[in-house]
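A short write-up of the structure that comes next.
If you're wondering where the values come from, they're calculated on a predicted model, not measured in any experiment.
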Amino acid sequence: MKRLEQPRLWRAVLVAMLVPLALVAFWPSPVDKPVQGELAGFLLVIHHLGIPGWVNYSFIESTANVLLFVPVGVVASQAFPTKQPWQLGAFGLLVSGCIELGQQLFLYERFASPLDLVTNTAGCVIGALAARAGVRAIKDRRAQRQLALSPSRSC
């Protein structure tokens, strides 16, 4: 368990995570292109079933961007435990900015989006906050167990 608390290990994981993220980000065509027809059909079905119209392609794309960066925030939080969540969010913004700039400069079928910067950064912050809350809960539980196991002190 102590090994999982080593920032050095998490930094290696973070670097390793950036490889598949870069593959998704710099895929020559939009990654959802092969399933656009199925996605449109799915949206028609769920709207017919009563799901509100605001659950549309843009909503799904934005949600996917948030979810894509939540693990980045979780791992960054462990890799840099002394950094504040806003600093980890700035890291997410930097990574997202590099992705969007690369798409703008090098991929003619992809386009840079300010909304992607916002959603990716939000995902990173959400992941960082969730990781911090989880770590805090685990430490609190450990402390409670230690108190329960220690012999009671009498005055």
Side-chain angles (χ1 to χ4, degrees), residues 1-28 30-35 39 42-43 46 51-52 54-107 110-155:
M1 192 64 158
K2 284 285 187 197
R3 184 168 193 159
L4 290 178
E5 295 174 8
Q6 294 180 0
R8 199 178 212 177
L9 169 70
W10 289 106
R11 289 177 187 145
V13 171
L14 185 60
V15 169
M17 286 177 66
L18 295 178
V19 173
L21 182 62
L23 287 174
V24 169
F26 295 113
W27 197 255
V31 291
D32 62 346
K33 190 174 185 177
V35 296
L39 183 56
F42 171 75
L43 288 169
I46 65 169
I51 301 296
W54 55 263
V55 178
N56 54 21
Y57 176 80
S58 295
F59 175 81
I60 290 173
E61 181 184 25
S62 294
T63 302
N65 282 342
V66 170
L67 294 176
L68 183 65
F69 269 73
V70 166
V72 174
V74 168
V75 175
S77 177
Q78 299 308 298
F80 304 102
T82 60
K83 300 297 181 193
Q84 296 297 315
W86 71 266
Q87 292 171 307
L88 299 170
F91 171 74
L93 178 63
L94 177 69
V95 171
S96 182
C98 291
I99 289 169
E100 296 303 312
L101 181 62
Q103 288 178 348
Q104 180 70 31
L105 295 175
F106 304 115
L107 301 174
R110 306 285 297 267
F111 60 93
S113 165
L115 180 60
D116 287 356
L117 290 172
V118 172
T119 55
N120 293 344
T121 302
C124 189
V125 171
I126 290 166
L129 292 172
R132 296 279 165 90
V135 166
R136 191 174 307 118
I138 289 169
K139 287 182 178 180
D140 288 349
R141 234 178 281 138
R142 280 184 191 164
Q144 288 174 352
R145 274 194 224 126
Q146 289 295 338
L147 284 174
L149 294 175
S150 66
S152 61
R153 299 178 188 169
S154 54
C155 294

Pairs meeting criterion ring pair (Phe, Tyr, Trp, His ring centres under 6.0 Å) with involvement of residues 56-89, two or more places apart:
W54-F59
Using atom types as modelled, flag every donor-acceptor pair under 3.5 Å from a side chain in residues 11-23 to any protein atom, sequence neighbours excluded.
unit_1	atom_1	unit_2	atom_2	d
R11	NE	A79	O	2.9
R11	NH2	A79	O	3.1

Partners meeting side chain to side chain donor-acceptor pair (under 3.5 Å) with R110 (sequence neighbours left out)
none
K83: what forms a side chain to side chain donor-acceptor pair (under 3.5 Å) with it, not counting sequence neighbours?
none
Over 12 non-hydrogen atoms of neighbours within 6.0 angstrom of CZ in F26
yes
For the student: nearest non-hydrogen atoms of E5 and W10, plus distance:
N-NE1, 4.5 Å
Taking all atoms of both residues into account, what is the closest heavy-atom pair of Q104 and A112, and its distance?
OE1-CB, 3.4 Å
Taking only residues at least two apart or on different chains, which pairs with a member in residues 125-137 satisfy side-chain hydrogen bond (donor to acceptor under 3.5 Å, both in side chains)?
S77-R132
Mind checking the [atom1]-[atom2] spacing from [X] to [Y]? Nearest 0.5 Å is all I need.
X    : Y   : atom1 : atom2 : result
L68  : T63 : CG    : OG1   : 12.5 Å
N56  : L39 : CG    : CG    : 10.0 Å
E100 : L93 : CD    : CG    : 10.5 Å

N/O donor to acceptor pairs below 3.5 angstrom from side-chain atoms of residues 113-124, sequence neighbours left out:
unit_1	atom_1	unit_2	atom_2	d
S113	OG	L115	N	3.2
S113	OG	D116	N	3.3
D116	OD1	N65	ND2	2.7
T119	OG1	L115	O	3.1
T119	OG1	D116	O	3.3
N120	ND2	S96	OG	2.8
N120	ND2	D116	O	3.1
T121	OG1	L117	O	2.7

